[in-house]
Amino acid sequence: MAENHTTSTDMPVPYSTGDSKISETTIAEMRELAARYPVGRSALLPMLHLVQSVEGRVTPEGIEACADVLGLTGAEVSAVATFYTMYKRRPVGDYHVGVCTNTLCAVMGGDLIFERLKQHLEVGNDETTEDGKITLEHIECNAACDYAPVMMVNWEFFDDMTPETATQLVDDLRDGTEVKSPRGATICTWKEAERVLAGFPDGRADEGPTGGKATLAGLRLARERNWTAPSGQHGGGGAAAEQTVSPEAASGPRPEDQPGKESGTGSPAIPDSRKED
Amino acid sequence: MLTPVLSDNWDQIRSWQLASYQRSGGYDALQAALRMQPADVITAVKDSGLRGRGGAGFPTGMKWSFIPQDNPKPKYLVVNADESEPGTCKDIPLMMASPHTLVEGVIISSYAIRASTAFIYVRGEVLHVIRRLQQAVEEAKAAGFIGTNILGSGYDLDVVVHAGAGAYICGEETALLDSLEGRRGQPRLRPPFPAVAGLYGCPTVINNVESIASVPAIIKNGPDWFGSMGTEKSKGMTLYSLSGHVTRPGQYEAPLGITLRQLIDLAGGIREGHELKFWTPGGSSTPLLTAEHLDVPLDYEGVGSVGSMLGTKALQIFDETVCVVRSVLRWTEFYKHESCGKCTPCREGTWWLVQILERLEKGQGTEADLDTLLDLSENIMGRSFCALGDGATAPITSSIQHFKDEYLAHFTHGGCPFDPMASTVFATAGASA
């Protein structure tokens, strides 16, 4: 399984392609980011996300722009850009597809899903399909272990995956079908996602549920059995708010909880045999 | 049995919005806190017995009291929302469902330590969580909970949501500070401790999301209420995250001191037809435990007494279909990948550990390799710059302690004796790779 962790891309990193899209607007936005912090350099990580949102990768021009705005050298910015895995030196596709292959997801199926996707997309780890749509990468733990095996598309969650739902998902992305995260928003492009990470909201925070089935597992059980925290001035539990219980909240099996179902993407809702409810 | 406090509003319609949060009593605690002296807020949190929920379990109120208030420099609060310890998945669902619980905690905590600016450093790989945090902070600003002269108290605070860029090491608090200063995320030598010289060399408190999110309930209901839950030295409620081979994985909020046997029961048992083999109490950096530890109280003392750590209460459950050697190799590859390279024992040691484990997994090792692994681990443990190196050795030493025979079986079998399909969630669904 160790071969998961090697990159088969030996292609050189293009230094500059001469078509940088860093503009006066980008520079102005970089200055805006720097002004949000007591010390401007704190904005460097957000600024590099912004570079990726404009360029589709961290380009030499982007590095120089960050350096100019912050009064650093290009080397100082490069040192930072090369430290963090989310910064990419090669162009990323419209959709960055991550498959968690850390231990828990790996044994729950992540390894087999990653193998299947490499074959299906005919790419290796950290490579992009020829149509420029999908970059496939195995990722480390993404803090969603209760939904293993987990995939991410442009850093949105896709839960309880199987090889079938995984291939359907990437097919939908390539076909341009609208895809929704079961615990997030309609999938935007990788560049658009990077702009949000830079600190420029896209107004989609209200899409999606409060959480999925695993998030609410304990709370549902507590409601079912009438367990609450000791009453302080707190009022002891959620009985007071029953009138406003959300659609996700009712106990028992719900179609929305099935992977892919809520997205309406045509991804088959494979019943999750692991879960009895 | 379960005591939903942090998770109590997660089933409300649009629980992430200010209006919903306020319907559940949100921001009442802020009003109460602003009527108190900052020092009294610290005392309340101290008296509650709240201990850091990010893994180390350091008393939160005590950490706050280390901030030298006679220091003329600005003070900062930094929330560690870089949740990335393998198995840990509690802060992300909390921030997704109820970001205002964290934001309210941030404002109260900042007021207590008299911080002028607070930062929420959230890992970059969680787009929708970041959207909701950004929106919650904007809503709180518009409502006058963040900004100048908050609710007429004369207290001013700015809150910045800051996305990281993919580096596990930034969960280490001093590496997080370097990263937040726009540098490579590498840990700093201590002392000086962040309370004295942290962000920009100024007094800084760094707390985990769950710790800060627990503060509003403590202020609202009182330290005694908090202390009425949990055990003598590990007080309060906390989020236990069950993942892996249980029937209903997920978040279970219970008093500290509940046992894994009870939690597995709540989660519907180990997946049908299988039995518990090994588990982590608090992420991969906490030594593995087995079925003989099912009745250990899951508090800081209980888990410590059996040679592991409560950590982040990330209970990863593995049944008998899972190969320990494969699991440990994968975790070790993770530590190798995430080692920041600053210190030699961790940078070099994790690479050697992976090479030896790879050999072992392929059945090409010898029993002497196990001794080498333990020797290497001993030379990393306690000798690396930060806890990442220590954490890397935990799965190795504990797995050799509990499952030496399984390592040996790889030699006699000439490779891994386990079928990787058997452990998958789709093993019984007829799917195949």
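Chain A is the first sequence line, chain B the second, and so forth, proteins listed ahead of strands; every chain is numbered from 1.
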So, for [X] and [Y], which heavy atoms are closest and what is the spacing to 0.1 Å?
{"X": "A:T215", "Y": "B:Q251", "value": "O-CB, 3.7 Å"}
{"X": "B:V425", "Y": "A:P149", "value": "CG2-CD, 3.5 Å"}
{"X": "A:L44", "Y": "B:G182", "value": "CD2-O, 3.4 Å"}
{"X": "B:A167", "Y": "A:F83", "value": "CB-CE2, 4.1 Å"}
{"X": "A:A143", "Y": "B:I92", "value": "CB-CG1, 3.5 Å"}
{"X": "A:H49", "Y": "B:G164", "value": "NE2-O, 2.8 Å"}

Basic-acidic side-chain contact under 4.0 Å: [X], [Y]:
{"X": "B:D11", "Y": "A:R223", "answer": "yes"}
{"X": "B:R131", "Y": "A:E156", "answer": "yes"}
{"X": "B:K90", "Y": "A:D146", "answer": "no"}
{"X": "A:D111", "Y": "B:R330", "answer": "yes"}

Going by atom types only, do A:Y37 and B:T117 share a side-chain donor-acceptor pair under 3.5 Å?
-> no

Would you say the side-chain atoms of B:E333 and A:N102 include a donor-acceptor pair closer than 3.5 Å?
-> no

With a 4.5 Å heavy-atom cut-off, do [X] and [Y] have their side chains touching?
{"X": "A:R225", "Y": "B:M1", "answer": "no"}
{"X": "B:Q17", "Y": "A:D206", "answer": "yes"}
{"X": "A:W155", "Y": "B:V129", "answer": "no"}
{"X": "B:F426", "Y": "A:T165", "answer": "no"}
{"X": "B:M96", "Y": "A:R183", "answer": "yes"}
{"X": "A:L45", "Y": "B:S179", "answer": "yes"}
{"X": "B:H245", "Y": "A:M108", "answer": "yes"}
{"X": "B:F119", "Y": "A:P38", "answer": "yes"}

With chain B as the partner, which of [options] has the greatest number of non-hydrogen pairs under 4.5 Å?
{"options": "A:T85, A:V80, A:D202, A:V107", "result": "A:V107"}
{"options": "A:C188, A:A198, A:A185", "result": "A:A185"}
{"options": "A:L48, A:L221, A:N142", "result": "A:N142"}
{"options": "A:G110, A:G199, A:G203, A:A79", "result": "A:A79"}
{"options": "A:A205, A:A144, A:A81", "result": "A:A205"}

Side-chain donor/acceptor of [X] to backbone N/O of [Y], under 3.5 Å:
{"X": "B:Y252", "Y": "A:L219", "result": "no"}
{"X": "A:S42", "Y": "B:L180", "result": "yes"}
{"X": "B:W225", "Y": "A:P230", "result": "yes"}
{"X": "B:E253", "Y": "A:A229", "result": "no"}
{"X": "B:S327", "Y": "A:T103", "result": "no"}
{"X": "A:T210", "Y": "B:A97", "result": "no"}

Please round to the nearest 0.5 Å and tell me the distance separating atom [atom1] of [X] and atom [atom2] of [Y].
{"X": "B:E85", "Y": "A:E140", "atom1": "CD", "atom2": "CD", "value": "12.0 Å"}
{"X": "B:S15", "Y": "A:L216", "atom1": "OG", "atom2": "CG", "value": "8.5 Å"}
{"X": "B:W10", "Y": "A:R220", "atom1": "CH2", "atom2": "CZ", "value": "13.0 Å"}

Tell me, for [X] versus chain A, whether the close heavy atoms (under 4.5 Å) come from the side chain, the backbone, both or neither.
{"X": "B:C416", "answer": "neither"}
{"X": "B:Q135", "answer": "side chain"}
{"X": "B:Y76", "answer": "side chain"}
{"X": "B:H337", "answer": "side chain"}
{"X": "B:V126", "answer": "both"}
{"X": "B:I169", "answer": "side chain"}
{"X": "B:F226", "answer": "neither"}

Is there a side chain to side chain contact (heavy atoms under 4.5 Å, CB included) between A:C141 and B:S84 once you walk through the steps?
-> CA-CA 6 Å; A:C141 186; B:S84 29; 5.9 Å; no

Of the listed residues ([options]), which shares the most heavy-atom pairs with chain A below a 4.5 Å separation?
{"options": "B:G124, B:G341, B:G25", "value": "B:G124"}
{"options": "B:A163, B:P99, B:A254", "value": "B:A163"}
{"options": "B:V160, B:V322, B:L266", "value": "B:L266"}
{"options": "B:I130, B:T88, B:N9, B:D28", "value": "B:T88"}
{"options": "B:S7, B:P93, B:G185", "value": "B:G185"}

Taking it one step at a time, do A:Y147 and B:C89 satisfy side chain to side chain contact (heavy atoms under 4.5 Å, CB included)?
-> CA-CA 10 Å; A:Y147 295 97; B:C89 51; over 6 Å; no

Taking side chain as everything from C-beta outward and backbone as N, CA, C, O, which of these in [X] sits under 4.5 Å from a heavy atom of chain B? Side chain, backbone, both or neither.
{"X": "A:A193", "value": "both"}
{"X": "A:C105", "value": "neither"}
{"X": "A:N154", "value": "backbone"}
{"X": "A:R41", "value": "both"}

B:E272 atom CD, over 12 foreign heavy atoms within 6.0 Å = no

Would you sort out whether B:E125 and A:M152 count as a side chain to side chain contact (heavy atoms under 4.5 Å, CB included), showing the intermediate values?
-> CA-CA 9 Å; B:E125 301 100 322; A:M152 306 297 292; 5.5 Å; no

